[in-house]
Amino acid sequence: MKFSSPMDTTPLRSRLRIRTSIGVFAAAALPLLAAPALAVDIADAYAHAQRNDPVLSAAQAGYRANREMVPQARSGLMPRLNLGGTLSRNERSFPGAAVQDLDPASPTFGQLRQLPSQNYTDRAWQAQLNQPVVNVSAWFDLRSAKSRVQAARAALNAASQNLILRVVQAYLNVLRAQDRVEAAQAQETAVGRQLEQVQQRFEVGLVAITDVLEAQAAFDNAAVARIQAEGDLHVFFNALTTLTGEDYQALDRLAEALPIINPAPADEQAWVDAALDANLNVLAAQAQLDAANRNLAARRAAHLPTLDGSVSHSYFQTGGIAFLGDKTETTTYALTMNLPIYQGGFTHSRRKEARALADQARDELLNQQLTVTRDARSLFQNVATDVVRVGARLKAIASSQSALEATETGYEVGTRNIVDVLQAQQRLYASQFDYADSRYNYVIDLMALKQVAGALAEEDVMELNQFADAANPVLRSAP
């Protein structure tokens with residue numbers, strides 16, 4: 001059985017469809033067994049991490065913030081409407097000014113009298129519409145902002161892919177720790193039985209005291225190893241809780257039916273090409289380079305003239321004496337050109353800064369491409385090696401079991417000593433743990449290879465989850 005996940009980018013999908021080494025599931029996939037009430041599988045852990053992981057949440061918030069760069073840059077090309085108004089209270093006096101009284105009914109008719117002061121209110125408002133007509137620098141700023149948003153989107157997708165890998169690693173670390181606990185417990189039990197037998201043989205004079213001391217030391221070491229393994233299991237449960245925000249008491253294991261096969265296509269260069277085309281860190285670096293180049297173009301265009309059109313309308317009403325009347329309305333149409341000739345060196349400095357940032361972005365893209373090429377080659381080889389290693393360690397278990405039986409027989413007849421038996425037991429349990437450990441390394445390396453190729457997706461978690469073994473969960477021990 002196989003499962004596969006299509007590449008994330010359409011051009012790459014049409015050119016190359018990378019299939020995973022775990023395989024595409026057929027309709028006859030193994031049915032899931034009923035899990036204990038508190039047990040969760042890797043799909044549950046991933047769902048919890050999606051909701052609770054602060055790293056992913058921070059990346060999502062950062063992307064939302066970066067998206068606002070586009071409307072902010074676009075505003076430099078959009079019309080702007082301003083509306084203002086004034087209401088003022090005025091007191092006007094005319095010291096030394098006199099006028100002749102021309103009112104016949106007034107007692108002071110014909111005489112000069114002081115001009116009275118005035119108290120009145122002025123009202124005014126103005127609306128102005130400005131529209132940039134030619135502004136090359138602002139246009140390049142908009143294109144640069146769009147490229148930066150593309151880079152932010154790629155970075156968010158990279159964070160989502162990284163979450164998958166982190167969940168898989170944390171989950172498998174718990175399973176790995178449990179296997180180590182079981183190996184240590186089996187070692188302790190076996191050495192304990194061996195110690196009892198040696199003591200009995202010593203009591204009847206069949207072995208020397210040195211055999212008892214060797215067995216006792218081996219038993220003590222096995223007990224320490226078991227205690228350490230149990231503590232590590234608790235630590236890895238806590239690490240998974242930190243990532244997912246849930247306190248698990250039981251996790252499903254991976255079934256023995258998990259296929260361990262070579263990556264497909266079995267072509268290292270195909271994975272490298274896929275990584276260079278679709279790796280999200282490379283795509284983000286490419287978008288950052290585009291943004292830097294467009295920013296440089298904008299800074300160069302800062303020396304070019306700008307042309308703005310404007311329409312304004314104003315209204316003024318006064319309660320005082322005005323030569324043109326107490327109300328005035330004015331409408332103005334204007335076309336304004338501005339040519340920045342010298343800005344104190346500011347424009348020139350910004351252009352030099354933009355050029356240096358473009359050089360930096362170009363080098364960072366190159367570094368990402370080199371890093372991705374190296375990682376794709378290394379991980380491809382790791383997965384291929386893991387496949388061989390798993391098979392070899394499975395055979396090593398059978399060999400170690402046979403060697404232990406032969407050593408125990410030799411000890412019974414006196415051709416082997418107790419140290420040989422203890423070492424043979426240790427090799428058997430080490431082989432059993434190494435086999436389980438190599439299976440976990442295979443899954444992690446495969447996921448990492450897909451991540452480098454830009455193909456890691458949620459579907460990979462769901463497909464891996466089909467091999468969850470709910471009948472044999474890992475139980476969390478008391479702290």
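In this text the structure is predicted, and so the values were computed from the model without any measurement.
N441 and D437 share a donor-acceptor pair across their side chains, judged by distance under 3.5 Å alone. R393 and S431 are not linked by any side-chain donor-acceptor pair at a separation below 3.5 angstrom, with hydrogens and angles left out of the test. Side-chain contact of Q187 with Q425: a donor-acceptor pair under 3.5 Å is absent, judged by distance alone. Checking Q199 against E203 by side-chain atom types alone, no donor-acceptor pair falls below 3.5 Å. Side chains of T244 and Y248: a donor-acceptor N/O pair is present below 3.5 angstrom, by distance only.
A side-chain donor-acceptor contact under 3.5 Å links R253 to the backbone of N472. Side-chain N or O atoms of Y171 include none that pairs as donor or acceptor with a backbone N or O of R166 at under 3.5 Å. In terms of modelled atom types and a separation under 3.5 Å, the side chain of D420 and the main chain of R416 share no donor-acceptor contact. Panel note: side chain S137, backbone A298; a donor-acceptor pair is recorded below 3.5 Å.
Checking E408, Q426, E214 one by one against V421, the side-chain contact (heavy atoms from CB on, under 4.5 Å) holds for a single residue, E408.
The residues R299 and D141 are annotated as salt-bridged, a charged nitrogen and a carboxylate oxygen being separated by less than 4.0 angstrom. Electrostatic pairing of D247 and R476 counts as a salt bridge here, judged by a charged N lying under 4.0 Å from a carboxylate O. With salt bridges taken as basic N to acidic carboxylate O contacts below 4.0 Å, one links R389 and D386.
Heavy-atom neighbours of R180 CZ from other residues, nucleotides or ligands within 6.0 Å: at or below the threshold of 12.
R51 meets the salt bridge (charged side-chain N to carboxylate O under 4.0 Å, His left out) test with no other residue; sequence neighbours excluded.
Atom-to-atom distance recorded for Q169:CD and Y440:OH is 14.5 Å, nearest 0.5 angstrom.
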